[in-house]
Each structure stands twice: as C-alpha cells, then as structure tokens.
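One structure is given below, encoded as structure tokens.
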Protein chains: 2
Amino acid sequence: MAKISRKAESMPASAIRKLVPLADAAKADGVKVYHLNVGAPDIKSPECALEAVARKCREIDHLSYTNSLGFAELRKGMIEKYYRKIGIELDLSEIIIDVAGSEAFSVAMQIAADAGDEIIVIEPYYTNYNTFAQLNGIVLKAVHTDIRDGFKVPPIEEFEKLVSDRTKAVLISNPCNPTGKLFSREEMLQLGDFCRRHDLFLISDEVYREFCYTDEPHFSAMNIPDLDQNVILVDSVSKRYNLCGARIGCMASHNKEVMAAALKFGQSRLCPPVLGQYAAMGALDTPDEYFDAVKAEYIARRDCAVEMLNAIPGVFAPKPLGAFYTIAELPVDSAESFCRWMLTDFRYEGATTMTTPVASFYKTPGEGTRQVRIAYVLEVPELKKALHILAEGLKAYPGRLA
Amino acid sequence: MAKISRKAESMPASAIRKLVPLADAAKADGVKVYHLNVGAPDIKSPECALEAVARKCREIDHLSYTNSLGFAELRKGMIEKYYRKIGIELDLSEIIIDVAGSEAFSVAMQIAADAGDEIIVIEPYYTNYNTFAQLNGIVLKAVHTDIRDGFKVPPIEEFEKLVSDRTKAVLISNPCNPTGKLFSREEMLQLGDFCRRHDLFLISDEVYREFCYTDEPHFSAMNIPDLDQNVILVDSVSKRYNLCGARIGCMASHNKEVMAAALKFGQSRLCPPVLGQYAAMGALDTPDEYFDAVKAEYIARRDCAVEMLNAIPGVFAPKPLGAFYTIAELPVDSAESFCRWMLTDFRYEGATTMTTPVASFYKTPGEGTRQVRIAYVLEVPELKKALHILAEGLKAYPGRLA
C-alpha cells in the first residue's frame, strides 16, 4: 500500500475542528449541541450581497474565470468604498482578491519566509498559522502573553530576544483570534519600530477589523508611518460581512515585489471564486447601520459571556475588546478532556455545549491546558443557555479541580 | 526594504497567463484579441446550476461555512448521480470537495511526496504541476512524448528508467492538458501495473473526462484492477459543467490514509466556496443532452482547428481525442517570440490571435520551443477568423523559418 508523505502524516488536525466527530455523534443520539467552538456567526449576511449573487446568476449564461487578481471592479470598489473610508489608501496594483483570509495569510507567510526561516508570533495565536508554517518548513517563535494580564503585549525586549538572522517577519492578528485582544495604537507603533529596525515584514491579519468594541477606531498596520515596504495586510470579506461561506478575502501591500509574488501564487490557482466575488461586490453597498447593529449585538453577547463565565466558581475570563472570542480559564485538570467529556458524557436537559480547548493555540508546551476558547456567536438567550450548561458541566465534571 | 523569500522570487509566472499584459495593452489600443491561449470555454453553463445558486441566495439569510469536506449532500449527489453512472463506485468518506482541480492536485502531490521526493510526469504536461512541485520541493521526472507520434505514451521501460528510491507517484492528466491526448485502456493498465509493481501513487487528473471524442468510454484510473490503495483521483466540477468561475472540484481515493490527510488539508482552508457548491449541486441535474451537444460542438471545433492548422504551410498539429486543446508545431525560430510578436506587432483587420508557447510545458530543455497550445474554445466562425489571422501572422513573422 502506497505510503503518504511524512508531511501529510505529521500535519496537525484542526484544533478547532477535531472534536467535530464527537459533536456529530452526540447529535446522532438526539442531543442538542450549543456551538461555542467555532467562529461561525449566526448574524444575517447583508441582503445586498446575497441579492447581488442571485441577480448576477440570472443575468449571465456562463460562469467564466476572472483575472487571477480578481475582478478589477471588485478591487476598485474595495479601495474606494471600503478602505478609503477607514483611512487606508491603496492603488489598484496593491491588492489581490484571495480565497478568504486563509489563502491570504498562507501566501503572505510564504512570501516572507523560506523553509528554515523564522516568523515571530504572539501566543496564543490562530492554530492555522502553525499548519501553514509546518507545511512550508517555517519556524514560528512565540512571544508569550498571559490571560491574567488580559493578553497585554509584553515589552518589545521580549521580541528582541527572539530575533535571529533567520527572522523574516512578525505575524499578528488584530483583533486577535483566539483572545479578542485589540492592539492599541501605541502597541502597533512599537511593533512597527521593531519591524523597521530589523527590516522584518509585518503580516497583519485584520480579518476581525469591523468587530471592535471601543470608541477608538481600529489602528491598522497599514497606517504605521514609514513601514510601507514591510506591511502585508491580510483581510477577509467573508468575516467582515458574515459571508463566511463566500471564501473571499484579500492581501494588500505597498511593496511591489510582494504583490508581484502574490500574483504568481494567484495564477497557480487560476482565479478566486467568482460567485463569492459577486457577493463581495454586492456587500460593498452594505449600509453603516448594518455594522452598528452587528457591533451592538456583539457587545451584548460579549458582556453576557464574560459576566456569566466569571460568575462560575473558579472560572476566569478577561473582557475582550474585539473579534467574537474570549478565552476562559477553567477549574479542570485538562480543558481538552473537559471539552471531550462534555460531548461524550454530559447532558443537561438533552443538551450540551461545545467549546475549543486552547492548548494548541500556544507554542510553549504546557501553556493554556486549562483554557477554552468561547466564540460568542449565538444570540443572548441561546448563549445564556449554552453557558448555563457549561456551568452545570463544570459542577459535574470528574476532573474538576478542588 | 524587507526582502521576499527565495521561494516566492523563483516561483515561475504562469506560462499561460504571463502574456496577458501584452494582450491587455493591445486591447487598450483598440485591437480585437482572439483568445486561443486559455482553456476558458465560451460554452453556456447548465441553466440548472446558475438557477440553483440564484434560488439558494433568495432562500438563505446567512452564508455560513460548510464542513471542510464540503456539503454531504453534494458529495452524496456526485457519488450517486455522477460517478455511479460512469462506473466509479465511491463511499461518502472517499471524496472531498476542493477549491477546483487546482487545490485537488496540489494537495494530492503533497500527500504523495515530501520535499526531495520525485514524481514521474509525462511531458508536455500542465505547467502548474511545476509550480506546486517547486513550492513543495518535489522533483518532477519527465517521460518524453513526441508531437510527431501524436504524443503516444512510450513503452513502460521509459518509466522504469526514472524510478529511484525517492519516486513516490506518477501524475497524469487524462485527457491531457496541453496535448488533448486520451489514454487508452491498455495504456492505463500498463501504467497501473507499473505503479503496483513499485507501489507508487497514481495521481490521475481527469478534469477533462467529459470531453472525449471517441466511441470508447473514458477509462478512469479508478477502474484499474487491484490499484485501490494507490489511485488518487483529481476532478473538476468547474471544468465539467463549464462553470470555471465556481472553483469547485474534488479529490477521491479508496485509501483511508490519503483521505484522512486530505481532510487535514481541507481544514486548513476551513471549507470550499459555498456558492460554488450550490452551483455544483444544481449541476447534478444537467441532462445528458447537454453533454451530447457540448461534445458535438467541440468535435466540430477540433476538426476545424486541426484541418486549418495543418493546411498552413510548415505547421503540424496532431488530432487530439480529448480535452479542448491541441499542440501545433510552427515554422518559427521561437514560439514564444512569435506569440509575443502577434500581440505587440501583428494586426490583421484590427485584430490578432493569442496562443500559448509550449516550451515551459516540457521538462526537457529545448523541447517544444517551436510549439504553441491552441485552446479551441471559440465557436467555429470565430475560430476560423482566429486561425486565419494566425496563418497571416505566420506569413508576416520576421522569424519565420525558410
């Protein structure tokens, strides 16, 4: 029997999706599973986006390729109707439509680093950064942040310690998946200084930009002064407009070499999904009130989640300022065992709650083993039920710490 | 200025798409460009596919992720309504929906081979096999086929010569892009024997399966006896139903390890494009008459193309039995220079014709330098004009061979 490659064999299963079979088994037994495990919001997509697809599908008689960069009309629309409004200036040659944020950061990492090169990340971080690092032989070096400090970015000396002659980039997610951490302007400027001093790329994954819960506007890496040639922006249309299934995102940079390389990667997959591009074009007409309502909804959910979590004896959860995640530390022997047990053993009025163990979001072994990521992607009444079940599960869990 | 990786820098630009800027410049000058360069058919997509998307977009209020494998309903539909009909039996666990054939063969190559490992291909071959080999450090070894033999697969001894302890797979495209070569049942059985003997994966890219112009049915690698654990099928919904922009394809294998690895790759990009999956589900209701009409149309185009090409003094083009390409050898110093010159210099009644130079489809240096790939993707009257312009261009080209 032909043997698969070592690379394929050693590739990690998705930390977020690996418990899905247990959830499926519970559902097959008639159990209702509340999903707080995955960032798949229940918020309605903008009508103008779905309507644009429906209209286009009745206009065309033939769904052909687009340019590898994506429709010029879409890129132009994003520059003029979206990026300009939030203070990011881009030229048409400085943006490529990608198969969601996933393709964008995978390509950005490969443009920044060869096999054996190093990229600095801030732990805990999105686990697929690991996946694409491993697939490409890139080494991730992690600066640690602590749940008890609200995942505050540590002094720049901690970054300096990790720099070697193989260091090529810093990769951040802002607001952060999985912590909900929002980088302050000052933190961004310091990171910018650091990247400028060592001439590193700053790959800034800002797919949750529209999900910020402060009065300050989001400070994009694209607005760090004098860092034009170093910043690679990773963005998502899917996330921004609750169109996760559209699989449309983009990469942007003022660095011409970066964009020339991005085009070559783009050519290798011919073009981004065209129906999703129609949705993205339609989404450009989304009214501001849509975002206001979404923001208000998430603030209510976050407040509910953080309050209920911290009211459970032994649980600690900092209050996140962005995205739709928070991390909670639980009074358990192992968050992974607890998450599995909730799916396989615990039932409360015929239901259970699924969350994601966080240990694999850390690089440092042994960190985060008692933490779970909570995606507050359910309406408040449902969220309350889900968290109530979590609290009841914690009471009953055999591995509960005294 | 931060420097991009050597990998990104040395990555080849698309051989098929690199002349696009010259075509764009010609169009900006008001020149009509006949595109015989890219396999982007003008054939109408099935109405049921586009209508399914439009209907779905008006039913749902929220476009969410699917499972990383794609909708179970789509996979089930493909197994029962498509594969069963053509004699391929698959279980639901043996198929994953991918972001078109492009993702499927890129992942299949990585599942079969580690960096430094070797995959045997038959030259000329689809240039993106090079791209993904290079990105992943995989070495391609090429068995040569000759235009004057109609790209006949050489005796298996030629494959034996290339086997080393790093050889992991044979990768074929059947029918073949760029040659239009259709593998006979006997050729497939011989390749199967070879793979079985050396326990190699047989990655069979069959995205053009519905474009065969013989009375014999297409013989899929999935139907080679006793090769269940070795065959990885690469397929495309986009190509099959003239839905290139949908970016939906699949990978299938009876090998459980292969499919487990494919799922991990799938999780790294979360899910395949959902709107495209709607199109693919709708496309399953495409009536047989659709394919009959498409086939008849392509046979007419092929016959027209091959006849007109061979009527040009000094041109030789074999008659392909599949796909919608043929390769033509031209009486020129360099096919690449000729293709460029057609775009930059030659005008016939305000128009020119774009074709693709083929040298980069060969592994062996110096092979194919006088050949172009012709995609017969225009209706016969347009195709005639395009080929007439090509003939006129050949008369006027300064680098014409005596």
Side-chain angles (χ1 to χ4, degrees), chain A residues 1-2 4-9 11 13-14 17 40 42-45 50-51 53-54 57-58 60-66 68 99-100 102-103 110-114 117 128 131-132 199-201 229-230 242-247 255 257-258 261 264 267-271 273-276 279, chain B residues 1-2 4-9 11 13-14 17 40 42-45 50-51 53-54 57-58 60-66 68 99-100 102-103 110-114 117 128 131-132 199-201 229-230 242-247 255 257-258 261 264 267-271 273-276 279:
Chain A
M1 187 172 105
I4 66 169
S5 65
R6 288 186 307 277
K7 177 159 103 171
E9 199 169 22
M11 186 175 178
S14 162
R17 297 189 167 217
D42 60 343
I43 306 266
K44 285 185 184 171
S45 312
L50 293 173
E51 181 54 31
V53 180
C57 283
R58 286 179 175 154
I60 61 172
D61 59 8
H62 164 222
L63 188 65
S64 52
Y65 293 117
T66 65
S68 297
V99 189
S102 301
E103 184 190 20
Q110 293 181 71
I111 288 176
D114 277 304
D117 286 343
N128 272 330
T131 311
F132 290 107
D199 206 13
L200 306 177
F201 285 111
Q229 298 303 308
N230 300 59
N242 298 295
L243 290 164
C244 290
R247 312 312 297 135
N255 182 316
E257 285 188 10
V258 166
K264 291 191 288 183
Q267 288 172 337
S268 75
R269 51 75 174 132
L270 307 185
C271 80
V274 176
L275 296 166
Chain B
M1 188 174 105
I4 66 170
S5 64
R6 288 186 306 278
K7 178 160 102 172
E9 199 169 22
M11 186 176 178
S14 161
R17 296 190 168 214
D42 61 342
I43 306 266
K44 284 186 187 174
S45 313
L50 293 172
E51 181 54 31
V53 181
C57 283
R58 285 179 175 153
I60 61 171
D61 60 8
H62 165 222
L63 188 66
S64 52
Y65 294 116
T66 65
S68 297
V99 189
S102 301
E103 183 190 21
Q110 293 181 71
I111 288 177
D114 278 304
D117 285 343
N128 273 329
T131 310
F132 290 108
D199 205 12
L200 305 177
F201 285 110
Q229 299 303 308
N230 299 59
N242 297 294
L243 290 164
C244 290
R247 311 313 296 134
N255 182 315
E257 285 188 11
V258 167
K264 293 191 286 182
Q267 288 172 337
S268 75
R269 51 72 173 135
L270 307 184
C271 79
V274 176
L275 296 166

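Below, chains carry the letters A, B, ... as their sequence lines are ordered, and counting in each starts from 1. What you see is a predicted model; the values in this text were computed from it and never measured.
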Of B/Ile60, B/Asp117, B/Leu243, B/Leu275, the largest count of non-hydrogen pairs under 4.5 angstrom with chain A goes to B/Leu275

Compare all side-chain heavy atoms of A/His62 with those of B/Ile43 and state whether any distance is below 4.5 angstrom. no

When the 4.5 angstrom heavy-atom criterion is applied to B/Ser45 and chain A, the contacting part is both

Greatest number of non-hydrogen atom pairs under 4.5 angstrom with chain A, of B/Ile111, B/Val99, B/Thr66, B/Val53, falls to B/Ile111

(request) Inspect the surroundings of CZ in B/Arg6 and state if more than 12 heavy atoms from other residues, nucleotides or ligands are less than 6.0 Å away. (result) no

Ignoring hydrogens and angles, tell me if any N or O in the side chain of B/Lys264 forms a donor-acceptor pair with the backbone of A/Met11 under 3.5 Å. yes

The interface call for A/Leu200 against chain B, heavy-atom contacts under 4.5 Å, is backbone

message = So that I can tick it off, tell me whether A/Glu103 and A/Arg269 are bridged by a salt bridge, with the cut-off set at under 4.0 angstrom between side-chain N and carboxylate O.
response = yes

Chain B shares the most heavy-atom pairs under 4.5 Å, among A/Gly276, A/Ser68, A/Ala100, with A/Ser68

Bottom line for A/Ala112: the part with an atom under 4.5 Å from chain B's heavy atoms is backbone

With chain A, the option among B/Ser268, B/Ser64, B/Cys57 that has the most non-hydrogen atom pairs under 4.5 Å is B/Ser268

- Evaluate the side-chain proximity of A/Ser5 to B/Gln110: yes if any heavy-atom separation is below 4.5 Å, no if none is. no

Here the pair of heavy atoms bringing B/Lys44 nearest to A/Asp61 is CE-OD2, 3.2 Å

Ranking A/Val274, A/Val258, A/Ile4 by heavy-atom pairs under 4.5 Å to chain B gives rank one to A/Ile4

Honestly, the part of A/Asn128 sitting under 4.5 Å from a heavy atom of chain B is side chain

In terms of heavy-atom pairs under 4.5 Å with chain A, the winner among B/Ala8, B/Ala54, B/Gly245 is B/Gly245

Answer key: most heavy-atom pairs under 4.5 Å with chain B among A/Cys244, A/Ser102, A/Ala13 is A/Cys244

Heaviest contributor of heavy-atom pairs below 4.5 Å to chain A, chosen from B/Ala113, B/Ala279, B/Pro273, B/Ala261, is B/Pro273

Heavy-atom closest pair (A/Gln229 atom, A/Asn255 atom, distance to 0.1 Å) is O-ND2, 2.8 Å

Given A/Leu270, A/Asp114, A/Asn242, the one with more heavy-atom pairs under 4.5 angstrom with chain B than any other is A/Asp114

Scanning both residues in full, the closest heavy-atom pair of A/Tyr65 with B/Ala40 reads CD1-CB, 3.7 Å

